[in-house]
Amino acid sequence: MELSSVVSSLLQFRASANSFLSQYEPLALLLAPLFALFVASTLQSFLQVIYDNGLKATLLGFFMNSIKLIPGVRSYIDAQKQKVVDQLNSGGKSQRDGWRTELPSFGLGSRVIEQMKDEKGKDANWQGKCSGTVYIGGTESKGHFSLINEACSMFSHTNPLHLDVFQSVTRFEAEVVAMTAALMGSKEKTSGGQICGNMTSGGTESILLAVKSSRDYMKAKKGITKPEMIIPESAHSAYDKAAQYFNIKLWRVPVNKEFQADVKEIRRYINKNTILIVGSAPGFPHGIIDPIEELGALASRFGICCHVDLCLGGFVLPFARKLGYPIPPFDFSVQGVTSISADVHKYGLAPKGTSIVLYRNHEIRKHQFVAVLSFLFDMYDIVTEWSGGLYVSPTIAGSRPGSLIAGAWAAMMSLGAEGYLENTKQIMEASKAIQIGIQEMPELFVVGRPDMTIVAFGSNTLDIFEVNDLMSSKGWHLNALQRPNSIHICVTLQHVPVVDDFLRDLRESVETVKENPGPISGGLAPIYGAAGKIPDRGMVQDLLVNYMDSTC
């Protein structure tokens, strides 16, 4: 009875539908679902763009792209962007006019050294004048400089890719990694006793490898195929590189009022595709340590990875803590921290091009390596076409300069714990003196509460970028920041003898801008100011890409 009633209803519905549709053209009935599918697909793509970029950025991008369709507008915008790029170059193109574009017909032999000395003499005066940049104290020809130069020279021909040939640098690398790991809490019981890692070419490569390893580890562990990572907006730009290189969705979230990673805000972005959250100790812009313990706990709770960027703090924070500074937990003693990056070529006082990436255990690190096989491996059904035999390399590079590894080992062994302790004492005291000196200038304010050797400062009454231009005219090379507009100095051993000089020049620059506001000729203040105000961040990105394309 019930079945016959259902059949009757279906037949009645079919008759009604056919009667209703009979008034339409067959072609219209065929195209209607296709049109609906097209609309649905377009809407899905639009919603995906909003999801990826946010509603405000999506609407702004749509508006700007529409404006550029007006005849003449795109060419005008491109011309204005080129003017900005030319100003950023500040005469760089004219300097390139005499650059060599092919080999000399006859080699210079040993005379090339004299030519190199002439070229080097044209470099900017970096001694005591640059934010960060050169971390070793003194002059190039004496002391620690001379020591690492000799170490690098002694091993300039070596390459750790050939493990069986250059066993010395293989040992040096292992010991540099182990000594760095000990500073990062590898000896603590809470670390798990399996800390491992490798040397890299710098902080960016260390971060790239940590992100890549986290991505592949979480794919193996949870099956995540659409990975996402969450970082505070104060995190290093290397994570943006990693996101592009490794096809990872990146969420960059605002910091809190103390300019630290906002754990609650990060929690809001965690979902089933999240592979990694990030903290810095300290962050590059303001020298402030993120709440690593809270981030580690959050990562543990959701079973995801947590990377700590210690590129700046790795060779300062452990010693600052011993000196009595209130340094919060930041290393593998924190549960949930799965990887750490630490630069030896910064406060480790090693030659440029040396950094360390560390992992909590070997299971995570295995996902860093790329192994190439040249035969059929039935168990995994892997076939490769390369005929060069077995190949495995620990980092992004294949061949690596053993000279830099030797230089890093020499730096760490020559200084020892006491040497780093004394260096940390000097630079921390210099940083505090600079911070106090800035706070005594009513026109300026220090951004947040710096934990380490970076002091960022801005102004509510002056254009801080004009102050920066004046400091540049006095030979200082500082870093311009945004959100808020500010500049910072990363204090190194080079600055210890010139703290008073820096504060004197800063007071003079502030007074000059106060009495005569307005950009100085050839200064970059208008560009920095405009870049911070341009709502279309894609345009700012284009400016930077065009600038880089014109300089290399």
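Computed from a predicted structure; not experimentally measured.
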*With sequence neighbours left out, which residue pairs that include part of residues 336-349 fulfil the salt bridge (Lys or Arg N to Asp or Glu O under 4.0 Å) condition?*
D343-K346
_Take a 6.0 Å sphere around CD of E150 and say whether it holds more than 12 heavy atoms from other residues, nucleotides or ligands._
no
*side-chain hydrogen bond (donor to acceptor under 3.5 Å, both in side chains) between T200 and S206: does it pass, once the steps are laid out?*
CA-CA 6 Å; T200 71; S206 291; 2.7 Å; yes
*Test side-chain hydrogen bond (donor to acceptor under 3.5 Å, both in side chains) on S341 and H307 and set out the steps.*
CA-CA 8 Å; S341 53; H307 180 76; 3.0 Å; yes
*Side-chain contact test, heavy atoms from C-beta onward, threshold under 4.5 Å: evaluate it for L276 versus I230 and give yes or no.*
no
*asked:* Let's go through K212 and E205 carefully: what are the C-alpha distance in whole Å and the side-chain angles of both, what is the deciding distance for salt bridge (Lys or Arg N to Asp or Glu O under 4.0 Å) to 0.1 Å, and is it a yes or a no?
replied: CA-CA 10 Å; K212 187 265 183 190; E205 186 183 359; over 6 Å; no
_Just to verify, which of I207, L208, L209 counts as forming a side-chain contact (heavy atoms from CB on, under 4.5 Å) with V211?_
I207
*Do you see a donor-acceptor pair shorter than 3.5 Å between the side chains of Y359 and Q368?*
yes
*Say whether N198 and T395, considering side chains only, have a donor N or O and an acceptor N or O under 3.5 Å apart.*
no
*Check whether more than 12 heavy atoms from other residues, nucleotides or ligands sit under 6.0 Å from atom NZ of K366, and answer yes or no.*
no
*Quick one: sort the F166 and H162 rings into parallel, tilted or perpendicular, breaks at 30° and 60°.*
perpendicular
_Would the distance check show the side chain of S153 and the main-chain N or O of N149 forming a donor-acceptor pair, the cut-off being under 3.5 Å?_
no
_So which atom in V334 and which in G296 form the shortest heavy-atom distance, rounded to 0.1 Å?_
CG1-CA, 4.4 Å
_Would you say that Y135 contacts C490 through its side chain, given a criterion of any heavy-atom pair below 4.5 Å between the two side chains?_
yes
_Nearest 0.5 angstrom please: L323 CG to I327 CD1, how far?_
9.5 Å
_Step-by-step side-chain hydrogen bond (donor to acceptor under 3.5 Å, both in side chains) determination, T453 to Y347_ = CA-CA 10 Å; T453 53; Y347 292 104; 2.8 Å; yes
*For the residue pair V263 and P291, what are the closest heavy atoms and their distance?*
CG2-CG, 3.7 Å
*Report yes if some heavy atom in the side chain of P160 is under 4.5 Å from a heavy atom in the side chain of F155; otherwise report no.*
no
*Evaluate the side-chain proximity of I266 to W251: yes if any heavy-atom separation is below 4.5 Å, no if none is.*
no
*Taking only Lys NZ, Arg NE, NH1 and NH2, and the carboxylate oxygens of Asp or Glu, determine whether R215 and E228 approach each other closer than 4.0 Å.*
no
*Report yes if some heavy atom in the side chain of L444 is under 4.5 Å from a heavy atom in the side chain of Q439; otherwise report no.*
no
*Measuring from E293:CD to L298:CG, what's the distance to the nearest 0.5 Å?*
13.5 Å
*Taking the six-membered ring where the residue is Trp, are the ring centres of F445 and F457 under 6.0 Å apart?*
no
*Identify the two heavy atoms, one from G203 and one from C311, that lie closest to each other, and give their separation to 0.1 Å.*
CA-SG, 3.6 Å
*List in chain and number order the residues that pass side chain to side chain donor-acceptor pair (under 3.5 Å) with K425, two or more places apart in sequence or in another chain; answer none if no residue qualifies.*
E429
*For the residue pair I148 and P351, what are the closest heavy atoms and their distance?*
CD1-N, 4.0 Å
*Taking all atoms of both residues into account, what is the closest heavy-atom pair of A456 and P285, and its distance?*
CB-O, 3.6 Å
*Are the side chain of S191 and the backbone of S186 linked by a donor-acceptor contact shorter than 3.5 Å?*
yes
*asked:* Regarding D240 and R252, does a basic nitrogen lie under 4.0 Å from an acidic carboxylate oxygen?
replied: yes
*Please report the closest heavy-atom contact between C305 and T338, naming both atoms and the distance.*
CB-OG1, 3.4 Å
*Got a sec: does the CG of N125 have more than 12 other heavy atoms crowding it under 6.0 Å?*
yes
*asked:* I need the K322 NZ to L421 CG distance, nearest 0.5 Å.
replied: 7.0 Å
*Once you round to the nearest 0.5 Å, how far does CG of D451 lie from NE2 of H286?*
12.5 Å
*Got more than 12 heavy atoms from elsewhere within 6.0 Å of NZ, K241?*
no
_Any donor-acceptor N/O pair, Q127 side chain to Q494 backbone, under 3.5 Å_ = no
*Taking the six-membered ring for Trp, is the centroid-to-centroid distance between H488 and F284 below 6.0 Å?*
yes
*Would you say the side-chain atoms of Y269 and T274 include a donor-acceptor pair closer than 3.5 Å?*
no
